[in-house]
Number of protein chains: 2
Amino acid sequence: MSLDEQLRSHGLRVTGIRRDVLDLLQRSDRALSHADVERALPERADRVTLFRVLQSFEDAGLAHRVLDVQGTSRYASCSTECDAHAHHDVHAHFRCTACSGVFCLERVALPEVNVPKGFTVTASRLELEGRCSSCA
Amino acid sequence: MSLDEQLRSHGLRVTGIRRDVLDLLQRSDRALSHADVERALPERADRVTLFRVLQSFEDAGLAHRVLDVQGTSRYASCSTECDAHAHHDVHAHFRCTACSGVFCLERVALPEVNVPKGFTVTASRLELEGRCSSCA
DNA sequence: GTGCAAATGCAACGACGTTGCAAATATGGG
DNA sequence: CCCATATTTGCAACGTCGTTGCATTTGCAC
């Protein structure tokens, strides 16, 4: 499916910036921060616009947000199994403490955990930390 | 062990602010943000000082840092099994998406995960998300 | 008590993220 | 193809979190 089709099929209008950002995310092997995107974009885009584009992708289910070791948001394009309502809880992540990179890993079966009385769990993820191959 | 003894035994000088902050952390059932601490403190303390106090606690192994759903740092006092060098990788966490609260949970046995070639894992945690009892 | 290292307070700064508003643009209907 | 309109973009301003540098104060060892 082309970039334009993907955007439209998720209810988003097609614009140059959205096309460029989606392309970037899909080519990347890791989650990209707002700053990464700004740097890598073929043509300058307003900072605020990028925040909004990334947010629209998350709302539409085209990308999902994940925090890096510093607490900054990064975005990765969703695999096809994601949809707009349940695309937060299928990933395991690896966070590099050196470069702050975030990588999506395979799905894993997660252990059961007892949560305190009255708590409701909507998502659970396994989060790994360490050094990625570039920072080893 | 008294607050003062705990501070001293971790190589920290005893000051009023440190005592107050450590007391707060140990009484709390959840991880506290810098802003939480600032608000709850018996007497006004400089913002920067609080950041440094919390950081010193983390460095000394008296508390550990954990990010909430918004990516803001929160601190929780360490259990006795923590020490200055390896107190990052023993917890499972629950993050409330409503109030951004973070709660430390019991230890769990984590599943093995295949990481890409060249990656080194130094810590792994199970992270749960949902609503805490106060926000249900 | 005295001296020194450490802790505190203050000012300034930077990154990240948000909001409001005006101008530009994508898209559906004629 | 053009028009009307809802969306998107750009810009300015703002807020929070977190850091750094420096002067002052304070804990603590002697």
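Chain naming here is simple, since letters A, B, ... match the order of the sequence lines and numbering starts at 1 in each.
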* For B:Arg52 and D:dT25, give me the distance from atom CZ to atom C1', rounded to whole Å. => 13 Å

* OP1, OP2 of D:dC17 versus side-chain N and O of B:Thr72: anything below 4.0 Å? -> no

* **Nucleotide C:dA7, atom P - distance to CG of B:Leu22 in whole Å** => 15 Å

* To do: Output the single nucleotide from C:dA7, D:dT8, D:dG18 whose closest atom is nearest the side chain of B:Thr15.
  => C:dA7

* To do: Please report, rounded to the nearest Å, how far the P atom of D:dA13 is from the CZ atom of A:Phe51.
  => 18 Å

* To do: Using atom CG of B:Asp46 as one end and atom P of D:dC22 as the other, report the distance to the nearest whole Å.
  => 17 Å

* Asked: Taking for each residue the nucleotide of DNA chain D bearing the nearest heavy atom, is the 5' side occupied by B:Ser73 or by B:Val14?
  -> B:Ser73

* Give the nucleotide from the list C:dC16, C:dT19, C:dA11 with an atom nearest to the side chain of B:Val48. => C:dA11

* Answer with base, sugar-phosphate or nothing: what part of the nucleic acid does B:Arg8 contact at a heavy-atom distance below 4.0 Å? => sugar-phosphate

* State whether the side chain of A:Thr122 and the backbone N or O of B:Glu129 hold a donor-acceptor pair below 3.5 Å, judged by distance alone. => yes

* To do: Starting from P on C:dG17, measure out to OH on A:Tyr75 and report it in whole angstrom.
  => 7 Å

* To do: Using only heavy-atom distances, determine whether the side chains of A:Asp36 and A:Ser33 contain a donor-acceptor pair under 3.5 Å.
  => yes

* To do: Specify the separation, in whole Å, of atom CG of B:Leu7 and atom P of C:dA6.
  => 16 Å

* Identify which nucleotide among D:dG10, D:dT26, D:dC22 has an atom closest to any side-chain atom of B:Arg13, counting heavy atoms from C-beta outward. => D:dT26

* Integer-rounded Å distance: C:dA7 C1' and B:Asp59 CG -> 14 Å

* Classify the nucleic acid contact of B:Arg18 as base, sugar-phosphate or nothing, counting any heavy atom under 4.0 Å across all strands shown. => sugar-phosphate

* To do: Check every atom of C:dC16, C:dA26, D:dG10 against the side chain of A:Arg47 and return the nucleotide holding the closest atom.
  => C:dC16

* **Aromatic plane relationship, A:His34 with A:Phe51 - under 30° parallel, 30 to 60° tilted, over 60° perpendicular** => parallel

* Only one of A:Leu62, A:Val37, A:Thr15 forms a side-chain contact (heavy atoms from CB on, under 4.5 Å) with A:Val21, so which one is it? -> A:Val37

* Whole angstrom is fine here: how far is it from CD in B:Gln55 over to P in C:dA6? => 16 Å

* **B:Glu38 bridged to B:Arg47 by N-O distance under 4.0 Å** => no

